[in-house]
2 protein chains.
Amino acid sequence: MTTGYAGTVMSKGRTTDKQTEADEAYAVMRQSILGGGLMPGERLVETELAERLGLGRNAVRTSLARLEQDGLVERSPFRGARVRIISEAEAAEILEARSVLEGLAARHAAEYMTPEQVQELRGLLGQMEQQHQAGDLLATSELNSVLHRRIVELAALPMVAKLIDGLHAQNVRHQFRTVLAPGRAAQSLAEHRAIVDALATGDGELAEAAMRHHLAHVLRTLRSLQKNTTRS
Amino acid sequence: MTTGYAGTVMSKGRTTDKQTEADEAYAVMRQSILGGGLMPGERLVETELAERLGLGRNAVRTSLARLEQDGLVERSPFRGARVRIISEAEAAEILEARSVLEGLAARHAAEYMTPEQVQELRGLLGQMEQQHQAGDLLATSELNSVLHRRIVELAALPMVAKLIDGLHAQNVRHQFRTVLAPGRAAQSLAEHRAIVDALATGDGELAEAAMRHHLAHVLRTLRSLQKNTTRS
DNA sequence: GTTCACCAGATTGTTGACAATCTGGTGAAG
DNA sequence: CTTCACCAGATTGTCAACAATCTGGTGAAC
């Protein structure tokens with residue numbers, strides 16, 4: 001093995017093994033924030049994280065810089081970093097941004113979609129309906145995300161996809177609340193069906209409108225929940 | 001004032017003095033990329049940049065990580081960083097994203113705008129018209145950017161503003177070409193007038209439509225230029 | 001009792017050296 | 001002439017130590 005790729009060297013005992021330490025730290029910490037392992041407002045001490053991840057402090061450090069750029073972490077000089085707290089106003093704003101960007105994605109997806117892909121989306125809809133009737137809100141919500149992601153993929157707009165992904169990452173925590181609103185699940189299902197129907201027609205304008213209609217409704221639900229929560 | 005802010009310590013002899021080295025490196029390098037001091041595709045060697053900026057290699061290093069997150073720099077492990085080259089397809093996609101996001105901003109701006117602010121925008125339009133008649137395309141283009149930025153500001157949507165700013169940063173280099181297209185300047189002026197008129201009515205839908213119409217036109221111009229340039 | 005300066009501990013920012021990896025060129029084998 | 005292993009130089013990734021800064025608490029002055 002002369003030069004050979006170091007693909008399977010297995011130096012520190014993880015699975016993929018190939019990325020640099022800093023990249024691994026970034027991936028892990030990002031997933032930790034998204035998954036709830038690191039809570040909003042929590043202090044992120046470099047040495048502590050380095051020890052917990054088994055990586056150097058430097059790797060953690062540059063990760064924090066990258067996560068700050070993503071809007072997931074807040075940093076102030078000499079005072080350290082915390083998981084950024086997304087206010088309800090910001091969550092609403094993010095949802096509005098998602099609304100227009102996913103609308104754009106839907107428009108493009110409608111124009112370049114094959115019949116097979118339409119069937120695939122209908123399949124997802126069917127699964128959602130099943131889980132909805134079974135009363136499993138969590139699974140329904142998960143399929144919801146899958147459907148949205150797939151539509152964005154089909155749009156074949158990588159930069160737009162990246163933007164949407166970044167926005168989604170910032171308010172995973174606020175996402176849960178809307179799906180729990182009473183009566184929301186059924187309506188959401190109908191809206192998703194409308195989106196897929198519009199995509200199937202190949203009419204970009206229609207698909208964009210359907211997507212925006214749906215997300216505007218999610219936004220309204222979020223706003224009504226905020227009002228109810230605010231009165232302490 | 002007990003502890004007292006260290007606002008005017010003046011340690012290394014620059015103007016603002018307060019940010020950490022890494023922040024300064026980030027700011028300088030970003031502006032360098034935007035301003036053309038660092039050209040697309042150019043290699044970014046850490047030690048060289050560190051020496052040129054008079055900062056530590058580590059500061060440069062974390063800057064590069066942040067700029068990569070911004071999409072301005074491309075990095076691969078052990079092989080270094082380069083200023084990212086934005087392809088024409090990507091430039092087009094960025095314009096589409098800007099179109100819907102600035103449309104959103106225009107909608108919000110229309111709803112919350114005061115008569116004084118409308119007058120301010122009309123003032124900018126007047127200046128644009130002057131420079132246009134004087135034949136100064138560069139000044140017109142600059143005022144163009146100012147107008148767009150101001151509208152985004154008036155929307156009072158900080159996260160959306162950040163997204164738009166990031167997109168704008170990525171294709172400053174492609175922006176110049178569209179303004180030079182023959183006959184484009186006059187039409188652009190008319191479109192901007194339409195946008196301000198729509199904003200003045202307070203009708204969000206109308207303002208959004210006007211903004212999207214304008215940027216769709218810019219996109220079409222860019223696409224036609226691409227065709228002409230591609231045939232080598 | 002309140003206010004303030006000040007100090008010790010903790011944490012971040014910076015520096016320099018060292019290890020790991022890539023790149024381009026060189027020379028031998030076929 | 002082509003192909004390929006291999007090596008030196010350049011460059012990046014990592015580590016450990018040191019300097020700079022913040023934070024919370026303690027005690028004196030009033």
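Everything quoted here is computed from the prediction, not taken from an experiment. Residue numbers start from 1 in every chain, and the chains themselves are labelled A, B, ... in the order their sequence lines are given, proteins ahead of strands.
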Provide, to the nearest angstrom, the distance between the [atom1] atom belonging to [X] and the [atom2] atom belonging to [N].
X	N	atom1	atom2	value
Asp23(B)	dT21(D)	CG	C1'	15 Å
Glu68(A)	dT12(C)	CD	P	14 Å
Asn58(B)	dA19(D)	CG	P	17 Å
Glu51(A)	dT12(C)	CD	P	14 Å
Leu55(B)	dG16(C)	CG	C1'	16 Å
Glu21(B)	dA19(D)	CD	P	16 Å

- request: Indicate the ring-plane relationship of His148(A) and His192(A), choosing parallel, tilted or perpendicular according to the 30° and 60° boundaries.
  value: perpendicular

message: Can you confirm whether Leu154(A) sits close enough to Tyr112(A) that some side-chain heavy atom of one is under 4.5 Å from a side-chain heavy atom of the other?
response: no

- request: Check whether any side-chain heavy atom of Leu53(A) sits under 4.5 Å from a side-chain heavy atom of Met29(A), and report yes or no.
  value: yes

- line: Taking a pair to mean Watson-Crick or G-U wobble geometry with both distances below 3.5 Å, dG9(D) pairs with dC22(C)

So which protein N/O to nucleotides 18-20 of chain C N/O distances come out below 3.5 Å?
none

Which residues satisfy the side chain to side chain donor-acceptor pair (under 3.5 Å) test with [X], sequence neighbours excluded?
X	answer
Arg149(A)	none
His108(A)	Glu96(B)
Glu90(B)	Arg84(B), Ser87(B)
Gln127(B)	none

query: Side chain of His168(B), backbone of Ser145(B): donor and acceptor closer than 3.5 Å?
result: no

task: Using modelled atom types only, decide if a donor and an acceptor are shared between the side chain of Thr140(A) and the backbone of Asp136(A) within a distance under 3.5 Å.
output: yes

message: If the cut-off is 4.0 Å, is Thr20(B) near the phosphate of dT14(C), judged by side-chain N/O to OP1 or OP2?
response: yes

message: When you measure from the side-chain N and O atoms of Arg79(A) to the phosphate of dT23(D), is any distance below 4.0 Å, counting only OP1 and OP2?
response: yes

query: Picking from dC15(D), dG13(C), dT14(D), which would you name as closest to the side chain of Arg61(A)?
result: dG13(C)

message: With the threshold set at under 4.0 Å for non-hydrogen atoms, list the residues of residues 37-46 of chain A touching DNA chain C in residue-number order.
response: Arg43(A), Leu44(A), Val45(A), Glu46(A)

